[in-house]
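Following: one structure in structure tokens, then a few remarks.
So that the names make sense, note that chain A is the first sequence line, chain B the second, and so on, each numbered from 1.
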Amino acid sequence: MHDFSLSIRLWYRQNKRNLPWRETKNPYLIWLSEIILQQTRVIQGKSYYLKFVNRYPEIEDLANAKEQEVLNLWQGLGYYSRARNLHFASKQVMEEFSGKFPSTYKDIKQLKGVGDYTASAIASFAFDLPHAVVDGNVYRVLSRYYTDETPIDSSQGQKLFKAYAQDLIGNEDPAEFNQAIMELGALVCTPKNPDCESCPLQEQCSAYLKSSQLDFPVKSKKTKVTNKYFNFFISSSNQLQIEKRKGKGIWQNMFQLPLIESDKPLTLNDVKSITKKKWNTKTQNKITEYQHILSHQKIHASFWKVDSLITNESEYITVNLDEIRDYPLPRLIDRYLEENHEAYGNS
DNA sequence: AATCCGGGGTG
DNA sequence: CACCCAGGATT
């Protein structure tokens, strides 16, 4: 076994966190935890994992649920395609795999929402198969260990770091190796202020020896943020009109208030003119505004008071405030209701 | 290969 | 403010 592998395994046995999904070999529960934890910190995902396990103890329970209920449980976690794909994949397991969770890397990866990382994680954690995981932690640990400047957000980098990890994992307890390297990245080899004095790889780590830890990993692209202007409308404080978002953009199949989107800020006069023409309603005043920051866009949201319900469009559903908890809402709408409507009970 | 998809925490 | 988090699908 490589020094690398043995060192991090010994470190892991002494330093691992006790997490609920580490106490099971049930592939359904491991899959559920991995989907929740995609691009999500352990501390943020943990309560969602417990909620889902409680509501859907078996994959069949998830497959039999309504998508709206699944999205509702996911509310606030973001990247809602994960919830839609999770639900879809549960039905794949019931129909294409006769209710038995697939047990090979190839079959696992057929599931919607499961890519290379998640298939490798399930294959190793649930079935002890030697597939190396490469997540953000692994990129960081290995790029520093080897001071490899290949950009991790390139297809070449993805192949290279996968090969590095696969070369190190070995056949003996691959699950432990995968857990160990990710845990090391999460607890010691952190993006900023890595705790190199506690690192079992310190003596062999190329970046440590060159004091260049913070130069790794290398990324080639920068995400650029685009500005968007969302105008939402409320006609009374006790009843809301909402609609289900369609199309392929943000918050698909989630619910929102009646929306007018623009590429520039709108004045009260702009809004009065538009709502009069579109809905034959009269806008009275701006209630409040929020800036909602996402990784790739900055939403400038204004909430406007109108004098009456919209009656000329059929897609709007009218609900009482105490019924709205049944509808999955983006965090932006959820926050608005929390802070402006007394009767909005938040779970 | 590039772009899109949330929300929250950190320094 | 920039960066990142147990990434994947779509184009």
Side-chain angles (χ1 to χ4, degrees), chain A residues 16-17 19-22 30-49 71 74-86 88-89 108-122 124-125 131-141 151-159 161-162 165 175 177-187 189-194 214 216-226 228 245 247-254 290-299 328-335:
Chain A
K16 68 178 189 134
R17 293 169 290 182
L19 301 171
W21 47 86
R22 284 185 176 160
I30 289 168
W31 165 65
L32 175 61
S33 73
E34 292 300 338
I35 301 299
I36 288 174
L37 292 171
Q38 286 170 6
Q39 299 296 100
T40 303
R41 287 191 165 76
V42 164
I43 190 164
Q44 189 188 1
K46 191 172 175 181
S47 66
Y48 285 85
Y49 172 80
L71 281 170
W74 201 271
Q75 179 175 316
L77 196 52
Y79 281 133
Y80 296 97
S81 64
R82 291 183 293 169
R84 296 192 300 271
N85 290 338
L86 181 83
F88 186 93
I108 296 166
K109 200 167 175 299
Q110 299 306 308
L111 301 177
K112 198 90 166 180
V114 174
D116 178 72
Y117 163 77
T118 304
S120 299
I122 299 169
S124 64
F125 299 156
H131 292 270
V133 296
V134 182
D135 73 335
N137 293 307
V138 177
Y139 280 125
R140 198 166 51 252
V141 170
I152 61 169
D153 54 352
S154 65
S155 55
Q156 187 191 353
Q158 289 167 23
K159 286 182 189 170
F161 286 96
K162 177 79 178 182
F177 177 89
N178 281 339
Q179 293 283 15
I181 191 169
M182 290 195 288
E183 193 78 335
L184 187 71
L187 299 183
C189 195
T190 49
K192 295 167 184 171
N193 300 321
L214 299 187
F216 298 91
V218 173
K219 295 185 75 172
S220 58
K221 304 158 194 154
K222 293 178 177 61
T223 59
K224 69 172 183 185
V225 176
T226 59
K228 292 192 173 179
R245 281 186 71 95
K248 296 186 172 182
I250 193 174
W251 302 327
Q252 186 189 349
N253 293 1
M254 306 280 283
Y290 292 106
Q291 290 189 3
H292 191 62
I293 312 293
L294 305 178
S295 53
H296 56 293
Q297 52 186 275
K298 184 170 181 176
I299 297 172
L329 306 174
R331 181 62 181 133
L332 170 62
I333 306 292
D334 179 49
R335 178 179 296 129

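- Taking atom P in both C:dA9 and B:dG8, one finds a spacing of 24 Å when rounded to whole Å.
- In this entry the distance linking CG of A:Leu86 with C1' of B:dC5 reads 16 Å, nearest Å.
- Across all strands, A:Gly76 comes closer than 4.0 Å only to sugar-phosphate atoms, never to a base (heavy-atom distances).
- Summary of the strand contacts: A:Gln297 and A:Gln156 both lie near DNA chain B, and taking for each the nucleotide with the nearest heavy atom, the more 5' one is attributed to A:Gln156.
- Side-chain N/O atoms of A:Lys112 include one lying less than 4.0 angstrom from OP1 or OP2 on C:dT10.
- Atom CG in A:Leu32 sits roughly 15 Å away from atom P in C:dG7 (whole-Å rounding).
- Across all strands, A:Gly185 comes closer than 4.0 Å to no nucleic acid atom at all (heavy-atom distances).
- Counting only heavy atoms from C-beta on, A:Arg331 has its side chain closest to B:dG7 among B:dG6, C:dA6, B:dG7.
- Across all strands, A:Gln179 comes closer than 4.0 Å to base atoms (heavy-atom distances).
- Residue A:Arg84 places none of its side-chain N or O atoms closer than 4.0 Å to OP1 or OP2 of C:dG8.
- Atoms CZ and CG, on A:Arg17 and A:Leu187 in that order, are 4.5 Å from each other to the nearest 0.5 Å.
- Within the 4.0 Å cut-off from OP1 or OP2 of B:dG6, not a single side-chain nitrogen or oxygen of A:His296 is found.
- Inspection of the A:Gln252 and A:Arg84 side chains reveals an N or O donor paired with an N or O acceptor under 3.5 Å.
- For B:dG7, one of the phosphate oxygens OP1 or OP2 lies less than 4.0 angstrom from a side-chain nitrogen or oxygen of A:Tyr80.
- Looking at residues two or more places apart in sequence or on another chain, you find a ring-ring contact (aromatic ring centres under 6.0 Å, His included) between A:Tyr49 and A:Trp21.
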(request) Would you please test A:Tyr80 and A:Gln75 for side-chain hydrogen bond (donor to acceptor under 3.5 Å, both in side chains) and show each step? (result) CA-CA 8 Å; A:Tyr80 296 97; A:Gln75 179 175 316; over 6 Å; no

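- At C:dG7, one or more side-chain N or O atoms of A:Gln39 fall inside 4.0 Å of OP1 or OP2 (strictly under the cut-off).
- Between A:Ser81 and the phosphate of B:dC4, there is no side-chain N or O to OP1/OP2 separation shorter than 4.0 Å.
- Across all strands, A:Gly78 comes closer than 4.0 Å to base atoms (heavy-atom distances).
- One interatomic measurement links the two molecules: CZ of A:Arg335 to P of B:dG6, which rounds to 15 Å at whole-angstrom precision.
- For the C1' atoms, the distance linking B:dC5 with C:dC4 amounts to 16 Å, nearest Å.
- Counting non-hydrogen atoms under 4.0 angstrom, A:Val42 reaches the backbone sugars and phosphates but no base.
- Across all strands shown, A:Asn178 has no heavy atoms under 4.0 Å from either base or sugar-phosphate atoms.
- Contacts of A:Trp74 with the nucleic acid, taken as non-hydrogen atoms under 4.0 Å apart, are absent.
- In this structure, CD1 of A:Ile122 is placed 13 Å from C1' of C:dG8, rounded to the nearest angstrom.
- In this structure, the CD atom of A:Gln291 is 16 Å from the P atom of B:dG8, given to the nearest Å.
- Between A:Trp251 and the phosphate of B:dC4, there is no side-chain N or O to OP1/OP2 separation shorter than 4.0 Å.
- If you take CD of A:Gln252 and P of C:dT10, they are 10 Å apart, rounded to a whole angstrom.
- Taking atom CD1 of A:Ile35 as the reference point, atom P of C:dG7 lies 11 Å away to the nearest angstrom.
- Residue A:Tyr117 places no side-chain atom within donor-acceptor reach of the base of C:dG7, judged by atom type and a 3.5 Å distance cut-off alone.
- Residue A:Leu77 is classed as a base contact, given a heavy-atom separation below 4.0 Å to a base.
- Between B:dG11 and C:dA6, the two P atoms lie 14 Å apart (nearest whole Å).
- Side-chain atoms of A:Arg82 stay outside donor-acceptor range of the base of C:dA9, with no qualifying N/O pair under 3.5 Å.
- At a cut-off of 3.5 Å, with distance as the only test, no side-chain donor of A:Arg140 or A:Thr190 sits close to an acceptor on the other residue.
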N/O to N/O distances under 3.5 Å, protein versus nucleotides 2-4 of chain C:
unit_1	atom_1	unit_2	atom_2	d
C:dC4	O2	A:Arg41	NH2	3.4

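- B:dG9 sits 24 Å from C:dG8 when the P atoms are compared, rounded to a whole Å.
- Closest contact between the side chain of A:Lys248 and the listed nucleotides C:dT10, B:dG6, C:dA6 involves C:dT10.
- With sequence neighbours left out, A:Phe177 forms a ring-ring contact (aromatic ring centres under 6.0 Å, His included) with no residue at all.
- Take A:Lys162 and apply the salt bridge (Lys or Arg N to Asp or Glu O under 4.0 Å) test, not counting sequence neighbours, and it matches A:Asp116.
- Rounded to whole Å, the C1' atom of B:dG6 lies 15 Å from the corresponding atom of C:dC3.
- Residue A:Val133 is out of contact with every strand shown, counting any heavy-atom pair closer than 4.0 Å.
- Other residues, nucleotides and ligands place more than 12 heavy atoms under 6.0 Å from the CD atom of A:Gln291.
- In terms of the ring-ring contact (aromatic ring centres under 6.0 Å, His included) criterion, A:Tyr48 has no residue partners (sequence neighbours excluded).
- The CD1 atom of A:Ile299 sits 11 Å away from the C1' atom of B:dG7 (whole-angstrom rounding).
- At the heavy-atom level, A:Thr118 lies under 4.0 Å from the strands shown only through sugar-phosphate atoms.
- Here B:dA2 is the nucleotide among B:dA2, B:dG6, C:dG8 with the atom lying nearest to any side-chain atom of A:Lys221.
- Not counting sequence neighbours, the partners of A:Arg22 by the salt bridge (Lys or Arg N to Asp or Glu O under 4.0 Å) test are A:Glu183.
- Residue order along DNA chain C, read from the 5' end via each residue's closest nucleotide, puts A:Ser33 first among A:Asn85 and A:Ser33.
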